Amino acid sequence: MQESTVVHRETYIPAPPSAVFALLTDPEKILRWMGTEAQVEPQPGGLYLVNVTGSRFARGSFREVIPVHRLAYSFGWDGSEIVRPGSSLVEIDLIERPDGTLLKLTHSGLPNAEQCAGHSEGWEHYLGRLAECAAGRTPAPDPWSGRV
């Protein structure tokens with residue numbers, strides 16, 4: 001796999017892995033930092049469906065779920081011919097650190113450098129909102145709301 005089509009992100013989150021895991025797997029908690037609708041079934045084969053901006057659904061299925069430590073799910077966009085539902089893979093590892101969690105994200109299987117750059121920007125945006133939420137703050141309304 002070409003490294004230019006893989007997104008790598010690491011961020012420190014000032015909350016324990018269990019709290020971060022809940023923000024990634026509980027539909028109501030997901031909506032605190034990303035999206036307008038969420039249906040997730042965090043078990044192998046379970047649905048991952050999040051209306052990320054209010055006008056664009058990310059869809060896939062969970063491949064691996066190790067509570068409070070690791071998630072892996074297929075990912076893509078409804079209606080997209082470029083990044084089809086389930087065509088890429090998001091892997092998230094949560095590593096306990098003093099006073100928080102190191103979140104390591106790898107998003108692989110993206111079709112080209114342009115898509116990689118766009119998804120990298122998206123992950124940076126939403127992981128920042130996740131960290132803010134995990135710290136007990138309410139993120140401002142998402143400026144990406146309505147973005148296609």
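It should be emphasised that the depicted structure is a prediction, and the values quoted were computed from it without experimental measurement. FYI, the numbering just counts along the sequence from 1.
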Testing the basics here: between [X] and [Y], what is the closest heavy-atom pair and its distance to 0.1 Å?
{"X": "L110", "Y": "Q115", "answer": "CD1-O, 4.3 Å"}
{"X": "C116", "Y": "V7", "answer": "O-CG2, 3.5 Å"}
{"X": "K29", "Y": "A22", "answer": "CB-O, 3.7 Å"}
{"X": "P44", "Y": "R63", "answer": "CB-O, 3.9 Å"}
{"X": "S80", "Y": "R84", "answer": "O-CG, 3.2 Å"}
{"X": "A131", "Y": "P14", "answer": "O-CD, 4.1 Å"}

Calculate, to the nearest 0.5 Å, the distance between atoms [atom1] and [atom2] belonging to [X] and [Y] respectively.
{"X": "L102", "Y": "E96", "atom1": "CG", "atom2": "CD", "answer": "11.5 Å"}
{"X": "I30", "Y": "L24", "atom1": "CD1", "atom2": "CG", "answer": "7.0 Å"}
{"X": "Y126", "Y": "M34", "atom1": "OH", "atom2": "CE", "answer": "7.5 Å"}
{"X": "E10", "Y": "L127", "atom1": "CD", "atom2": "CG", "answer": "11.0 Å"}
{"X": "L71", "Y": "I92", "atom1": "CG", "atom2": "CD1", "answer": "5.5 Å"}
{"X": "N112", "Y": "T5", "atom1": "CG", "atom2": "OG1", "answer": "8.5 Å"}

Would a distance-only check, ignoring hydrogens and angles, find a side-chain to backbone donor-acceptor pair under 3.5 Å from [X] to [Y]?
{"X": "S74", "Y": "S61", "result": "yes"}
{"X": "W33", "Y": "L23", "result": "yes"}
{"X": "S88", "Y": "G76", "result": "no"}
{"X": "E132", "Y": "R137", "result": "no"}
{"X": "T101", "Y": "L103", "result": "no"}

Walk me through it: do R32 and L130 pass the test side chain to side chain contact (heavy atoms under 4.5 Å, CB included)? CA-CA 8 Å; R32 293 180 189 171; L130 170 65; over 6 Å; no

Can you list the steps and then say if V68 with L94 is a side chain to side chain contact (heavy atoms under 4.5 Å, CB included)? CA-CA 7 Å; V68 311; L94 304 175; 5.7 Å; no

Given the rule that I, L, V, M, F, W and Y join up when any side-chain heavy atoms are under 4.5 Å apart, are [X] and [Y] in one cluster?
{"X": "I13", "Y": "L105", "value": "yes"}
{"X": "V90", "Y": "V20", "value": "yes"}
{"X": "L89", "Y": "W123", "value": "no"}
{"X": "Y48", "Y": "I66", "value": "no"}

Do NZ/NE/NH1/NH2 and the carboxylate oxygens of R59 and D78 come within less than 4.0 Å? yes

Verify the neighbour count for atom CD of Q43: are there more than 12 heavy atoms of other residues, nucleotides or ligands below 6.0 Å? yes

Over 60° means perpendicular and under 30° means parallel, so classify the ring planes of F75 and H119, tilted if in between. perpendicular

So H125 and W144, would you call those rings parallel, tilted or perpendicular, with 30° and 60° as cut-offs? parallel

Close side-chain approach of S120 and R9, heavy atoms under 4.5 Å: yes

Will you find, in the side chains of T53 and S55, an N or O donor that is under 3.5 Å from an N or O acceptor? yes

Pair H8, T106 - check side chain to side chain contact (heavy atoms under 4.5 Å, CB included), show working. CA-CA 5 Å; H8 294 284; T106 302; 3.6 Å; yes

What pairs of residues pass the side chain to side chain donor-acceptor pair (under 3.5 Å) test when at least one of them lies in residues 11-26, not counting sequence neighbours? none

For V65 and F21, run side chain to side chain contact (heavy atoms under 4.5 Å, CB included): C-alpha distance rounded to whole Å, both residues' side-chain angles, the deciding distance at 0.1 Å, then the answer. CA-CA 10 Å; V65 179; F21 190 83; 3.9 Å; yes

